[in-house]
Peer 1: 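Submitted below is the structure of interest, expressed as structure tokens.
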Amino acid sequence: MSDVVLIEKVDTEAELDRLARHYKSAGGAGVKLLNRLGGTAESLLDQLPEPIREGLTEATEQALWIAMRAAQGSRRAVADQSPWVNTAVATAMGAAGGIGGVTSALVELPATTAMLLRSIQGAAVREGFDPEEENVKFDSIRVLSTAGPLSEDDGADLGFLSARLTLAGPTMQRMIAAIAPRLSVVLGQKLAAQSVPVLGALAGGSTNFIYTRYYQQIAQVHFGLRRLAIDADIPHDELVRKLSHRMVN
């Protein structure tokens, strides 16, 4: 009996190591490229016209609602693709959106948000979860509330992983309203990078590549922990603590 327990422990530790690698690689060289294109996160946001900065939260909230409907609808029409396919499609969309600067980037924003959400849902599917289930929908949106690839800590905030996996009340509306302000900062950085003169298409493609890769990695961590909690029969919060310990060592 003790041998069985030992094997399970080794498998759990190995899975946590794998998820830690996903977490650590969420940022990386792509972030340095984006910084070279447009500067730091703060300076990127400063490049946006004031009316756009002021309307970012509302635009982000609308984009999230559009993305939810589009991601679910596209899943019924087109099967989930490999992560690299999602990244390639999003990169092409970003390049097209960046050609016309901020104006075309704003038009492209809901489509990119839907693609990001679809990629996140794909990670859930790979871990055996049904993206049609309400708690999986909530978690998919929650992944978008992470700090973003240009955050100072070079990775997502692990705090979102320890949040309750279900919510009370008018859940989706409250969830999107709560997440929109934080995501608006992330998308604002993307819009500003796409507004770089001459390099708009390159910046648009680069930002979408970086953002899609980032959120796919973070989603893999999020849903991987959920799956591990079920398979290993270990409390989710305990797994988060174990993963956090790996991130500081």
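Side chains included, hydrogens not; waters and symmetry mates left out as well; all remaining heavy atoms used. We're numbering straight along the sequence, starting at 1.
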Peer 1: Which value, rounded to the nearest 0.5 Å, describes the distance between D17 atom CG and K242 atom NZ?
Peer 2: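 Those atoms lie 11.0 Å apart.
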Peer 1: Just how far is it from atom OG1 of T60 to atom CD1 of I176, taken to the nearest 0.5 Å?
Peer 2: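 It comes to 11.5 Å.
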Peer 1: Is the backbone of H22 close enough, under 3.5 Å, to the side chain of S25 for a donor and an acceptor to pair up by distance?
Peer 2: yes
Peer 1: Indicate the atoms forming the closest heavy-atom contact of P181 with A178, along with that distance.
Peer 2: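 It is CD-O, 3.4 Å.
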Peer 1: If you define the side chain from C-beta out and look only at heavy atoms, does anything of L243 sit under 4.5 Å from V221?
Peer 2: yes
Peer 1: Apply side chain to side chain contact (heavy atoms under 4.5 Å, CB included) to L19 and R246, showing your working.
Peer 2: CA-CA 10 Å; L19 295 176; R246 281 168 166 76; over 6 Å; no
Peer 1: Determine whether I66 and T113 make a side-chain contact, defined as any pair of heavy atoms from C-beta on separated by less than 4.5 Å.
Peer 2: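 SC-SC contact between I66 and T113 ruled out.
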Peer 1: Answer whether the closest heavy-atom distance between the side chains of L228 and I234 falls below 4.5 Å.
Peer 2: no
Peer 1: To the nearest 0.5 Å, tell me how far I120 CD1 sits from T146 OG1.
Peer 2: 7.5 Å
Peer 1: Could you give the distance from OG (S140) to CG (N135), rounded to the nearest 0.5 Å?
Peer 2: 9.5 Å
Peer 1: Return yes if some donor-acceptor pair links the side-chain N/O of Y211 with the main-chain N/O of V186 below 3.5 Å, else return no.
Peer 2: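 Indeed, once roles are kept as given, a pair shorter than 3.5 Å links the two residues.
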Peer 1: P131 and K137: which non-hydrogen atoms are nearest, and at how many Å?
Peer 2: O-CG, 3.3 Å
Peer 1: When you compare the side chain of L187 with that of T112, does any pair of heavy atoms fall below 4.5 Å?
Peer 2: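 The answer is no; the side chains never approach within 4.5 Å.
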Peer 1: Hey, what's the ring geometry for F129 with F223, parallel, tilted or perpendicular (30° and 60° as the breaks)?
Peer 2: tilted
Peer 1: Can you find a heavy atom in the side chain of R126 that is under 4.5 Å from one in the side chain of Q220?
Peer 2: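 R126 vs Q220: side chains touch.
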Peer 1: For residues R227 and G128, report the shortest heavy-atom separation together with the two atoms involved.
Peer 2: NH2-O, 3.6 Å
Peer 1: Closest approach of S119 and T212, non-hydrogen atoms and distance?
Peer 2: OG-CG2, 3.8 Å
Peer 1: Over all heavy atoms of both residues, which pair between S184 and T57 is shortest? Give the atoms and the distance, please.
Peer 2: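 Looks like OG-OG1, 3.4 Å.
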Peer 1: Within the structure provided, determine whether Y215 and M115 are in side-chain contact (heavy-atom separation under 4.5 Å).
Peer 2: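 Answer no - side chains too far apart.
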Peer 1: Would you call D11 and D231 a side-chain contact if the rule is heavy atoms closer than 4.5 Å?
Peer 2: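 No. Closest side-chain heavy atoms not under 4.5 Å.
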Peer 1: Does the side chain of R226 reach to within under 4.5 Å of the side chain of V136, using non-hydrogen atoms?
Peer 2: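 Yes, their side chains come closer than 4.5 Å.
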Peer 1: Working to the nearest 0.5 Å, report the span between NE2 of H222 and CD of E127.
Peer 2: 11.0 Å
Peer 1: Could you walk me through whether F138 and R174 pass the side chain to side chain contact (heavy atoms under 4.5 Å, CB included) test, one step at a time?
Peer 2: CA-CA 10 Å; F138 301 149; R174 291 174 59 186; over 6 Å; no
Peer 1: Mind listing the closest non-hydrogen atom pair of P110 and A67 along with its distance?
Peer 2: O-CB, 4.5 Å
Peer 1: Please check if the number of heavy atoms outside E238 that lie under 6.0 Å from its CD is greater than 12.
Peer 2: yes
Peer 1: Quick check for you: to the nearest 0.5 Å, what is the distance between L117 atom CG and R69 atom CZ?
Peer 2: 12.0 Å
